[in-house]
Amino acid sequence: MHIKIGLNYRDGLYRYVHSSPEGAAFLAFFLLDDVGTRPHNIQRSLREMTSEEDEAQAHNATQYAKEEGVQGIVTFMYECDDEDEAMDKGYYFQIRADLVAQVLRGWEEQVLKEKPQSIEITIDGDNVKVVGVGKRVE
């Protein structure tokens, strides 16, 4: 799985560029629109992903359901979609909660501390890489 996010020079915000598979865009939308660049949102999302409790949340752009604790599956879809209909049409993305937590930690490091021009997220099996490219000019 691969996601690329780039900095928009007009407004200084990060934007989705592309993903493979296409459905991984839901994870990108979760990061960009629901988690964003606020430390408290990142920490809240990390708590939800690392909790043994099942979670179901609806945010600005996405909704998700996490089942079976930390090793469970998180299903992301558009916030406004009916869950059953989205699943029937294939408009969703599933990933393990522990991998989402790793992505969130990398997101926090890159977005809040490094502030790169673009971010590439790669997940291969259990290996998660969140890499910033270039330095953002402020």
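Worth saying up front: this structure is predicted, and the values here are computed from it rather than measured. The figures here come from the full heavy-atom set of this structure, side chains too, leaving out hydrogens, waters and symmetry mates.
Both L7 and L112 belong to a single network of hydrophobic side chains, linked directly or stepwise wherever heavy atoms of I, L, V, M, F, W or Y lie under 4.5 Å apart.
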>> Please determine whether side chain to side chain contact (heavy atoms under 4.5 Å, CB included) holds for the pair Y9 and Q117, giving the CA-CA distance in whole Å, both sets of side-chain angles, and the decisive distance to 0.1 Å.
In response: CA-CA 9 Å; Y9 291 101; Q117 289 181 339; 3.5 Å; yes
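Between the CZ atom of F93 and the OG1 atom of T75 there is a distance of 10.0 Å, given to the nearest 0.5 Å. Atom NZ in K129 sits 12.5 Å away from atom CD in Q102 (nearest 0.5 Å). Between the OG1 atom in T37 and the CG atom in L13 there is a gap of 7.5 Å [rounded to 0.5 Å]. Here the OH atom belonging to Y92 is positioned 14.0 Å from the CD atom belonging to E85, to the nearest 0.5 angstrom.
Counting all heavy atoms, side chain and backbone alike, L46 lies closest to A101 at CD2-O, 3.5 Å. Closest heavy-atom contact between S45 and V35: OG-CG2, 3.5 Å. In plain terms, the two heavy atoms of I42 and E108 that are nearest each other are CG2-CB, 3.8 Å. The two residues A24 and I3 come nearest to each other via the heavy atoms O-CD1, 3.5 Å. Across all their heavy atoms, I5 and A28 have their closest contact at CD1-CB, 4.5 Å.
When each of F26, Y91, F30 is checked for a ring pair (Phe, Tyr, Trp, His ring centres under 6.0 Å) with Y78, only F26 meets the rule. Between Y64 and the choices E48, Q94, M77, the side chain to side chain contact (heavy atoms under 4.5 Å, CB included) rule is met once, by E48. Checking V103, D98, V74 one by one against M49, the side chain to side chain contact (heavy atoms under 4.5 Å, CB included) holds for a single residue, V74.
For the pair E55 (side chain) and K66 (backbone), a donor-acceptor distance under 3.5 Å is absent. Formation of a donor-acceptor pair under 3.5 Å by the S51 side chain with backbone atoms of R47 is not found in this model. Without hydrogens or angle criteria, W107 side chain to G36 main chain gives a donor-acceptor distance under 3.5 Å. Put simply, the side chain of D34 gets close to the backbone of A61: a donor and an acceptor are under 3.5 Å apart.
In the displayed structure, D124 atom CG is contacted under 6.0 Å by at most 12 heavy atoms of other residues, nucleotides or ligands. The neighbour count for R44 CZ, taken as heavy atoms of other residues, nucleotides or ligands under 6.0 Å away, is above 12.
Looking only at side-chain heavy atoms (C-beta outward), I95 and I123 come within less than 4.5 Å of each other. Two residues are said to be in side-chain contact when any heavy atoms from C-beta on lie closer than 4.5 Å; I73 and R96 meet this criterion. The closest side-chain heavy-atom distance from R15 to V17 is not below 4.5 Å. Counting heavy atoms from C-beta outward, L104 and L31 have side chains that approach closer than 4.5 Å. Side chains of I121 and M1 form a contact here, defined as non-hydrogen atoms less than 4.5 Å apart. I119 has its side chain within reach of V130: a pair of non-hydrogen atoms, C-beta onward, lies under 4.5 Å apart.
Between Y16 and F29, the distance separating the two ring centers is shorter than 6.0 angstrom.
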